[in-house]
Protein chains: 2
Amino acid sequence: MKSSTIYDVAQAAGVATSTVSRAFSNPDRVGAVTREHVLEVARRLGYQPNPHARALVSRRTRTVAMVVSDITNPHFFELIRGAEMRAKASGYTLVLVNAEESPRIELEQIHRLTRSVDGFLLAASRQPEEDLVQLAAGHRVVVVNRRVPGLASVVLEHAEGCRQMVGHLASLGHSSVVYLAGPRSSWMAASRWAAIRGAAAELGLRAQRMGPFAPTVASGGAAADAALTTGATAAIAHNDLLAIGVLRRLADRGVQVPADVSVAGFDDIFAADLCTPTLTTLGGAHADVGRAAVEILLNSMEQPRDHAPELVVPSELILRRSTGVPGRPPGQ
Amino acid sequence: MKSSTIYDVAQAAGVATSTVSRAFSNPDRVGAVTREHVLEVARRLGYQPNPHARALVSRRTRTVAMVVSDITNPHFFELIRGAEMRAKASGYTLVLVNAEESPRIELEQIHRLTRSVDGFLLAASRQPEEDLVQLAAGHRVVVVNRRVPGLASVVLEHAEGCRQMVGHLASLGHSSVVYLAGPRSSWMAASRWAAIRGAAAELGLRAQRMGPFAPTVASGGAAADAALTTGATAAIAHNDLLAIGVLRRLADRGVQVPADVSVAGFDDIFAADLCTPTLTTLGGAHADVGRAAVEILLNSMEQPRDHAPELVVPSELILRRSTGVPGRPPGQ
DNA sequence: CAACCGGTGGCAACCGTTTGCCGTGTGCTG
DNA sequence: CAGCACACGGCAAACGGTTGCCACCGGTTG
């Protein structure tokens, strides 16, 4: 039951090990008939190359790691799925790492894995920018849903999306909006706030920011209460989880959504279409983001590019029942 | 920037490579002062053992693979999270594989990874039982949410849970229940149906089965229509996704839940508490299942056990608004 | 016809660890 | 004080591939 090696194949085929090796990893380097013969023998023996032996000398592991800030967040599911499928399609393996919202764990795990993977997908990284740059100097890195000058990145478009969202609220008649911010170290949080504030200024709305809040349902209570103190008629939450928490708290406090307050989120997670009222949110093809990120990583291994690509995947504003005309009962 | 090896450390510390190696992987084998010295030098040089070189000779990769039938199903998130955390805690790496509900892909991926991982967690495997047994002969395997004689397994309790669920429906006054079954190759589907049928017989309810249905929201439409044709006043869906799809379809058809029909699901996914009406479901600590599965796998590597443990994690029936007294409007 | 050349295959040196075995120095026993 | 067990370190052979380099061979070329 001992698995067969390149030596077994070489012996059985009457060639040198180098020929067997080349028949697999560099087919053009051996004559056609020899190659076929070797492959046939290998098949018969059930030979499977040992990835570790291979990695040891070639320094390529055919594995990529995806580090997510919080594996519990449903938003990442699609991202992970897209990445996994793209990796698999190229015969790569996806390693999943949960940073548990901790920059320290994130770094620790990256460190631990450097030798075992060919590159990293850093989704919603909580690292300071300079640390990312430094990291990228030593490793192949693609940052996801964050932009870092000089680094390859894939983000779901959100600046224009925020503008649309604020525009949507403005057109409904809102004149004051509050952004319930995500974690301080979240690039997205900062970026969204900038976009929202800019759009609000353009459209003549008053914009405020409260927070930071953890991007979880549980934090929604505090976020809702904070939103109410601002007197704003519309609240944009950092993500759908937070928004759903806000909806809950508002319902508990007897605040009508959207009659009294409109609520919107980001990510368009599965649950956004199920909560009550259903949630207006900025969605997009998260799976595509994951897919693209892996693709960029794989490409960068083939031909190390001088310029790091910065891809933007389009988003779409999904209007649902949680936003409406202020003061008017829903459904009108 | 070339990463340092055991050889660099050995030279810098003035010892042999074997001593350095042992200082890390077999600390008792070297004298205390030598060990400290070596470790200190290693730290200074930023030495990190190369996992591939290590794996090559030791045949231990410190990596486990988790194969899930469908990575899109939110039910797996908790499972994955629990597994990831437990693996990380022991310095193991979790590789994620999506079988996309295809036994072929499942097998293919397992085959591809055999050399790169120490063992497999097979969650909701769609393989025929004999294939699993054969697989387990060649690899370390723990099956999750499935039981296979002779194989290590972790399942969330569901027999008693199904009994409770049927009991709950009976106590509400239902006399006929329909099970909307999951995929034909799903062990869980078969097992749940057996439990439901058994409980129904005991309690004097009529039980029918419809399906199989894909365990997705999209299949809920067909499942709901099928359920209505049976005339049963209560439907138990194979999982929450299907149940949510059923709720949607029933709402579209103007069927009141639970006044006209009660609906229940399995898994207690996040969305079950958000949909309308909120969903009665059999939940449990899925993260614990993942954690336990990894733990069993890791233990089995330390001391190969003669008897394969079969762990059952308790479940709990979560009563929400989707089940009620037949014929009576909700909230009474 | 000699020189040359591209296409193939083999040799052997790595890649970075682990580990069986051996040699040495030390402390203890009788 | 001889004899011995033992703790500790070193040597070197794996583990299973990849790859630079060389040798060979038949066919072109001048």
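Naming: A, B, ... by sequence-line order, numbering from 1 per chain. Computed from a predicted structure; not experimentally measured.
Remark: C1' of dC8(D) and CD of Glu36(B) are 16 Å apart, rounded to the nearest angstrom. Distance CZ (Arg115(A)) to P (dC15(C)): 14 Å, rounded to an integer number of Å. In this structure, the OH atom of Tyr7(A) is 9 Å from the C1' atom of dC15(D), given to the nearest Å. Protein atom CZ of Arg59(B) is 9 Å distant from nucleotide atom C1' of dG16(D), rounded to whole Å. Gln11(B) has its CD atom 14 Å from the P atom of dG16(C), to the nearest Å. Distance, Asp28(A) CG to dT8(C) P: 10 Å, rounded to whole Å. For Gln48(B) and dC15(C), the CD to P distance is 19 Å, given to the nearest whole Å. For the pair Ile6(B) CD1 and dT19(C) C1', the interatomic distance rounds to 11 Å; values are reported in whole Å.
Among dT18(D), dC11(C), dG16(D), the nucleotide with an atom closest to any side-chain atom of Ser58(A) is dT18(D). Of the candidate nucleotides dT17(C), dG10(C), dC15(D), dT17(C) has the atom lying nearest to any side-chain atom of Tyr47(B). With dG16(C), dC11(C), dC11(D) as the choices, the nucleotide that has an atom nearest any side-chain atom of Thr5(B) turns out to be dG16(C). In this structure, of dC21(C), dC11(C), dG16(C), it is dC11(C) that holds the atom nearest to the side chain of Arg22(A). Picking from dG17(D), dT19(D), dG10(C) the nucleotide with the shortest atom distance to the side chain of Arg54(A) gives dG17(D). Among dC22(D), dG17(D), dT18(C), the nucleotide with an atom closest to any side-chain atom of Arg29(A) is dC22(D).
Using a 4.0 Å cut-off between charged side-chain N and carboxylate O, Arg43(A) and Glu40(A) make a salt bridge. Look at Glu78(A) and Arg81(A) and you find a salt bridge, because one of the NZ, NE, NH1 or NH2 atoms lies within 4.0 Å of a carboxylate O, short of that distance. Between Glu295(A) and Arg291(A) there is no salt bridge, since none of the side-chain N atoms of the basic residue sits less than 4.0 Å from a carboxylate O of the acidic one.
Taking only side-chain nitrogens and oxygens, Arg60(A) never comes nearer than 4.0 Å to OP1 or OP2 of dT18(D). Contact annotation: Ser21(A) does not reach the phosphate of dG17(D) (side-chain N/O to OP1 or OP2, under 4.0 Å). Phosphate proximity of dT18(C) to Ser25(B): present, with a side-chain N or O under 4.0 Å from OP1 or OP2.
At distances below 3.5 Å, at least one donor-acceptor pair connects side-chain atoms of Lys88(A) with backbone N or O atoms of Asn98(B). The main-chain N or O of Trp187(A) is never found under 3.5 Å from a side-chain atom of Ser191(A) such that the two would form a donor-acceptor pair.
Between His52(B) and Thr19(B), the residue anchored closer to the 5' end of DNA chain C is His52(B), taking for each the nucleotide with the nearest heavy atom. Each of Arg35(A) and Val57(B) was assigned the nucleotide of DNA chain C with the nearest heavy atom; the assignment lying further toward the 5' end belongs to Arg35(A).
Backbone-only engagement by Val15(B) is indicated by non-hydrogen atom pairs under 4.0 Å involving sugar-phosphate atoms exclusively.
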